Colleague: 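I'd like to ask you about the structure that follows.
Source: prediction; values computed, not measured. Just the heavy atoms: all of them, side chains too, but no hydrogens, waters or symmetry mates, feed the values below.
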Amino acid sequence: MLINAKTKYSLFRELQFDKISESSTNRIFWYFAIGYCILWTSVPILTQPNAPLDTIEMLYWGNEWELGYYKHPPLPAWLAKFAYTLGGNSIWITYFLSQLCIFACFIAVFKVGKQTVGNQISLLNLIILQTCYYYNLTSPEFNNNVTSRAFGALSVLFLYQGIRKYSARDWILAGIFLGLGALCKYDIVILAVLMITFSVGHPYGRASWKTPGPFLLSAAALIIFLPHMYWLWNNDFPTIDYFLKRSNHERTLLSHLSNPVLFLFSQIPAILPVFILILFLTGRRWHWEQINSKSQLFSRDFLCYFGFGPIIVVFLIGVISGANFRSMWGSSLWTFSSLALLSSVQLRLSPLAIRKTVYCGLMFAVFFLSILIFRNSILPHFQEHGSRIHFPGQQLSIYVRNLYISEVGKEPVVVGGPWWEAANVACYGSHQLSVYADLNSVISPWMSDREMKQKGGVIVWNSEFYEEYLIDVKKRFPSATIYPPIRLSWQNEALHSSLKFRVAVVKPTNLESSNYQHP
């Protein structure tokens with residue numbers, strides 16, 4: 001069935017899902033996925049005058065091109081910096097970069113779906129998946145979660161094709177994307193564990209060990225991850241230490257059960273729309289699908305393993321460790337869950353059920369876009385304080401840079417202070433500055449007090465939040481010129497109190513150092 005602009009009726013009303021061709025399926029996928037990503041790129045650009053927290057953090061890290069940072073592996077920061085430079089030192093492109101990661105997830109799930117459950121269900125699953133919280137309201141913020149999810153999804157796609165086709169190319173690609181995922185966030189180890197256990201526990205998986213496939217995957221992933229491992233070893237594993245501190249709390253015997261259970265409950269709001277739409281296709285009473293074909297049985301086993309396996313592994317880790325997992329750590333656990341469920345239960349693919357699924361899915365899409373617009377544009381009028389997306393980052397950057405130019409005669413190369421204020425100054429402007437975050441060499445190992453004195457720079461802080469900062473700056477940089485406070489307004493029309501900042505200019509100790517240019 002051909003689909004074009006002259007179609008008289010609604011696209012989905014006309015489609016007969018039991019007869020839809022592969023070319024029509026692909027065309028609808030591209031229309032939907034591209035349109036979805038354009039919308040979720042455009043709305044943040046129009047309603048978020050300042051980049052969100054994680055995006056700013058990725059940008060200031062990426063300016064240093066380190067093999068790792070104290071919180072996370074380096075790849076998302078590198079990608080953010082590359083996109084920032086490609087976009088003419090403009091932050092808007094990070095919104096597009098985030099949606100490219102969502103787009104990669106859509107492609108991976110759609111392609112796996114076509115090969116396992118067919119064109120129709122794969123297309124319906126796309127409509128269902130986009131209602132998951134991690135694919136809409138959280139997607140504009142470029143960070144380690146969104147990149148890890150994309151590379152993880154692609155590694156599962158090529159693993160499936162590698163096992164089914166005995167394709168060395170697919171095995172290598174699975175390893176490459178697994179390694180890239182590990183350079184984004186360590187939660188990719190969950191997929192690695194599932195890959196190993198599936199290859200050992202499933203007949204098709206065990207058969208793959210008679211081919212070079214698993215060894216090619218392991219080699220590719222290891223080669224990509226080795227430089228970061230070298231960095232970890234030489235820096236006493238700071239990212240592991242950070243994770244342990246974030247998940248640490250006073251543990252009791254009860255916490256080994258209560259914490260993983262609470263984590264599961266925290267995921268319900270994120271995935272509830274997904275299960276609402278699935279009910280249109282299954283009914284309230286689920287009946288497991290009977291499968292006799294070995295090929296179809298493998299496909300269902302694979303989907304269930306990588307659809308439900310991640311959340312089971314995390315739950316077991318929580319039971320064993322008693323760790324306090326944060327709700328956003330579940331963002332990469334549900335990518336294949338809806339597809340796994342659709343492959344396991346009997347479906348009622350009546351025209352009415354399909355229309356309900358599609359229309360409600362599109363309604364959810366509009367609803368979540370409306371929520372984003374409301375949160376960014378209207379909600380601030382009902383809040384006591386502004387949010388980070390309305391922070392006057394660009395105004396602060398212009399003011400701080402001009403102060404330094406008036407003192408030294410050229411742009412600064414270093415900005416220090418509480419990381420949020422300093423990083424905003426660094427990221428908004430004609431060129432990106434090196435950030436001496438929190439004036440702490442532990443989290444900014446590329447900078448120190450001595451280097452900042454030599455190269456010169458500015459220190460900026462919110463004097464209302466950091467009242468004691470002035471004393472510390474005078475003690476550590478006694479020759480710095482400290483300017484009177486300046487007030488800047490939030491970038492919204494809400495009547496919030498303006499923010500008060502202090503700035504200190506540290507002149508370079510010699511002319512040669514003042515000519516330093518950050519790589």
Colleague: Without hydrogens or angle criteria, can the side chains of Y483 and E407 be said to hold a donor-acceptor pair below 3.5 Å?
Modeller: yes
Colleague: Do the non-hydrogen side-chain atoms of Y186 and H72 ever get within less than 4.5 Å of each other?
Modeller: no
Colleague: Does the plane of the ring in W30 sit parallel, tilted or perpendicular to the ring in F103? Use 30° and 60° as the thresholds.
Modeller: tilted
Colleague: Check the side chains of N89 and S430 for a donor-acceptor pair under 3.5 angstrom, ignoring hydrogens and angles.
Modeller: no
Colleague: Are L159 and L217 packed together at the side-chain level, in the sense that at least one heavy-atom pair is separated by less than 4.5 angstrom?
Modeller: yes
Colleague: Tell me if a side-chain donor or acceptor on R149 pairs with a main-chain N or O of W334 at a distance below 3.5 Å.
Modeller: no
Colleague: Quick one: are I190 and L333 in side-chain contact, heavy atoms under 4.5 Å?
Modeller: yes
Colleague: Salt-bridge test for R502 and E421: reply yes if a basic N is under 4.0 Å from a carboxylate O, no otherwise.
Modeller: no
Colleague: Go through the side-chain N and O atoms of S463 and Y469 and say whether any donor and acceptor fall under 3.5 Å apart.
Modeller: no
Colleague: Whether the side chain of S155 engages the backbone of G152 through a donor-acceptor N/O pair (distance < 3.5 Å, no angle test) should be reported.
Modeller: yes
Colleague: At what distance, to the nearest 0.5 angstrom, does CG of L59 lie from CG of N63?
Modeller: 9.0 Å
Colleague: Can you tell me if R388 uses its side chain to pair, donor with acceptor, with the backbone of P52 under 3.5 Å?
Modeller: no
Colleague: Go through the side-chain N and O atoms of N424 and Y428 and say whether any donor and acceptor fall under 3.5 Å apart.
Modeller: no
Colleague: Could you tell me whether a side-chain N or O of H390 sits under 3.5 Å from a main-chain N or O of N492, the two making a donor and an acceptor?
Modeller: no
Colleague: W40 versus L369: any side-chain heavy-atom pair under 4.5 Å?
Modeller: yes
Colleague: Over 60° means perpendicular and under 30° means parallel, so classify the ring planes of F325 and W329, tilted if in between.
Modeller: tilted
Colleague: Please confirm whether the backbone N or O of G361 pairs with a side-chain atom of Q130, one donor and one acceptor, at under 3.5 Å?
Modeller: yes
Colleague: How about F110 and F106: are their ring centroids closer than 6.0 Å?
Modeller: no
Colleague: Determine the minimum heavy-atom distance between G322 and N259, stating which atoms define it.
Modeller: O-ND2, 2.9 Å
Colleague: Quick one about E57 and W420 (side-chain donor to acceptor, distance below 3.5 Å, no hydrogens or angles considered), yes or no?
Modeller: no
Colleague: Indicate yes or no: does E64 engage K81 in a salt bridge with an N to O separation below 4.0 Å.
Modeller: no
Colleague: Checking ring-ring contact (aromatic ring centres under 6.0 Å, His included) for the pair F177/F158: CA distance, chi angles, key distance, verdict?
Modeller: CA-CA 9 Å; F177 286 118; F158 289 108; 5.6 Å; yes
Colleague: For K185 and N145, which I'm curious about, is there any donor-acceptor pair between the side chains at under 3.5 Å?
Modeller: yes
Colleague: S397 side chain to V425 main-chain N or O, any donor-acceptor pair under 3.5 Å?
Modeller: yes
Colleague: Would you check if Y133 and I271 make a side-chain contact, meaning some heavy-atom pair closer than 4.5 Å?
Modeller: no
Colleague: Are a donor atom and an acceptor atom from the side chains of Y134 and T335 found within less than 3.5 Å of each other?
Modeller: no
Colleague: Contact between T147 and L75 at the side-chain level, heavy atoms closer than 4.5 Å - yes or no?
Modeller: no
Colleague: Just by modelled atom types, is the V442 backbone N or O under 3.5 Å from a matching donor or acceptor in the N440 side chain?
Modeller: yes
Colleague: Side chains of S139 and Q99: donor-acceptor distance under 3.5 Å anywhere?
Modeller: yes
Colleague: Ignoring hydrogens and angles, state whether a donor on the side chain of E451 or Y436 is under 3.5 Å from an acceptor on the partner side chain.
Modeller: no
Colleague: Under 3.5 Å, is there a donor-acceptor pair between the side chain of T41 and the main chain of C37?
Modeller: yes
Colleague: Counting only N and O atoms by type, is there a donor-acceptor contact under 3.5 Å from the side chain of R476 to the main-chain atoms of I471?
Modeller: no
Colleague: In the structure I gave you, are the side-chain heavy atoms of Q491 and F391 within less than 4.5 Å of one another anywhere?
Modeller: no
Colleague: Should F336 and P310 count as side-chain neighbours, where that means a heavy-atom distance under 4.5 Å?
Modeller: no
Colleague: Just say parallel, tilted or perpendicular for the rings of H228 and W231, cut-offs at 30° and 60°.
Modeller: parallel
Colleague: If we ignore hydrogens and angles and just use 3.5 Å, is the side chain of S218 paired with the main-chain N or O of P214 as donor and acceptor?
Modeller: yes
Colleague: Compute both the distance and the angle, then confirm whether R326 meets the cation-pi test with F263: under 6.0 Å from the six-membered ring centre, within 45 degrees of the axis.
Modeller: no
